[in-house]
Amino acid sequence: MANPPTTITATPPDRRTAFAEGVDQLRSAATTEPGRLRIIGAVLALLVVAFGAVTSWQMSDRTAAADDVLHKSQPLSAAAADIYRSLADANTAASSGFLAGGQETAESRKRYEDDIDTAAAKLITAANNSDAGSPSTAAITKLNKLLPEYKGLVERARTYNRQGFPVGGAYLRYANQKMQDEMLPAAEDLYKKENQRLQDDYAAAEPYPWAAIALGVLALAALGWAQHRNYRRTNRVLNHGMVAASAASAVVLLWLVVGHSVARAGLHDSYDHGVRSLNVLHDARIASLKARGNENLTLVARGAETVKVGETTIDAYDHDFTEEIAVLGKGLAAAAKLADDQAGEKPVSTAESNMAEWKKRHTAARAQDDNGNYEQALALVIGAKGATAQCFDGVDASLATALDHEQHEFKQAAGDGLDAMGGLPLGAAVLAVLAAAGAVLGIGRRLSEYR
């Protein structure tokens with residue numbers, strides 16, 4: 001019996017992937033001059049567009065950060081410093097009014113109320129510009145809770161003081177303790193966090209856009225190579241499309257390097273001659289306010305609060321006054337070194353002179369109080385003439401003038417830095433599109449010769 005015929009089934013060849021087929025087509029195209037020109041044109045267009053896109057992206061980020069420095073983080077840092085200053089000044093005004101008793105002036109009362117209103121308004125501003133759940137929001141919430149509690153304690157102290165009850169002094173000391181132990185630390189924490197936010201914005205705005213610069217150099221090199229290749233094959237010096245693409249790319253690269261360098265210099269200047277001086281001056285002003293508050297409380301407490309230093313027991317508030325005056329002196333010395341013109345140096349010098357006189361008058365007041373001459377000591381602290389109050393007011397006014405000057409310096413330098421980057425993100429994108437179009441048209445001109 002014959003065997004049945006054997007059926008042979010052909011095995012179909014493995015199907016090639018689209019990528020592999022594309023690679024083969026690219027290799028095939030590269031064997032002809034028109035194919036090579038098309039590949040060169042596509043690569044040039046891709047490089048130029050990538051250069052424009054990365055430039056626009058990186059400079060958009062840096063421009064936004066520089067804008068935040070000028071219009072958001074620095075103003076918020078200044079607002080946080082104002083919150084601290086207003087609270088410390090309100091505490092000082094409250095103790096001054098308490099010492100005056102029934103003779104408290106309308107000006108002193110208004111100063112206290114204005115400080116409280118300023119602190120409340122700045123807290124609202126800070127809350128509106130803080131992210132929900134952020135550490136800054138926690139500090140703002142705490143201060144909003146403590147502010148009415150502090151006001152209540154001060155009003156009780158005033159009420160009892162007018163009636164001649166000694167318990168008024170206890171309420172004022174309790175209000176001061178709440179201010180010193182809870183409110184001012186929270187305000188300082190807010191100030192530090194806003195300062196860190198400012199530092200982060202500077203760090204985002206200043207770095208060179210190296211990726212964009214590298215792509216720009218690569219795109220120009222590729223365009224130069226393509227034009228040299230064209231010259232070698234055709235003996236034609238210029239290809240109008242390629243020249244236009246090279247010119248547009250060179251403009252973007254030059255604009256990028258020069259514009260960002262100028263912006264970086266402006267931002268550096270705004271920090272070195274603005275933010276640094278502002279920070280030092282804010283700290284000095286706060287130290288003067290705390291020193292004044294402690295000086296007043298020395299008379300309010302009448303020795304009720306003491307601290308032991310070594311083997312000696314001394315008045316706690318006078319001890320704190322000495323420490324804050326030392327901080328003030330260091331701050332003024334640092335501010336004098338940072339001042340870069342006469343307008344910045346003069347108010348700092350005036351503040352130093354007032355501080356020196358303040359220390360002399362304070363020593364005289366303490367001598368009178370230690371000898372039991374309370375009324376004479378009181379006159380030397382809150383009196384109309386020859387009192388430490390005049391010296392404190394002189395220090396505070398001079399520091400306010402210096403702060404206004406440095407704030408102006410900051411705004412001018414930071415504004416110049418921001419302006420140097422203006423238009424660069426959009427300009428880079430537009431010029432990159434034009435450069436890509438020029439490269440494609442230039443290659444297209446060569447391709448037309450093969451048709």
Validation row: [X], [Y] side chains within 4.5 angstrom (heavy atoms):
X	Y	answer
Glu182	Tyr150	no
Asp416	Asp269	no
Glu406	Leu338	no

Notebook entry, point to check: Do Asn296 and Ser96 get their side chains close enough for a donor-acceptor pair, meaning under 3.5 Å?
Noted result: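 On atom types as modelled, these side chains qualify, holding a pair under 3.5 Å.
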
With the threshold set at 4.0 Å, does a side-chain nitrogen-carboxylate oxygen contact exist between [X] and [Y]?
X	Y	value
Asp320	Lys290	no
Arg197	Glu194	yes
Glu188	Lys192	yes
Arg292	Glu295	yes

[X]: side chain to side chain contact (heavy atoms under 4.5 Å, CB included) partners, not counting sequence neighbours:
X	result
Leu378	Leu99, Leu299, Tyr374, Glu375, Ile382
Ala45	Ala436, Val440
Asn144	Leu123, Ile140

Notebook entry, point to check: Does Ser56 offer a backbone N or O that forms a donor-acceptor pair with the side chain of Ser60 under 3.5 Å?
Noted result: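 Yes; at least one donor-acceptor contact below 3.5 Å.
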
Margin query: Quick check against the 3.5 Å criterion: does Ser398 have a side-chain atom that pairs as donor or acceptor with the backbone of Val395?
Written below: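 It does not hold such a pair.
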
Notebook entry, point to check: If you measure from CG on Asp201 to CD on Glu206, what distance do you get to the nearest 0.5 Å?
Noted result: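 Rounded to the nearest 0.5 Å, the CG-CD separation comes to 11.0 Å.
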
Notebook entry, point to check: Considering residues, nucleotides and ligands other than Lys178, do more than 12 of their heavy atoms fall under 6.0 Å from its NZ?
Noted result: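 Check passes, neighbour count above 12.
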
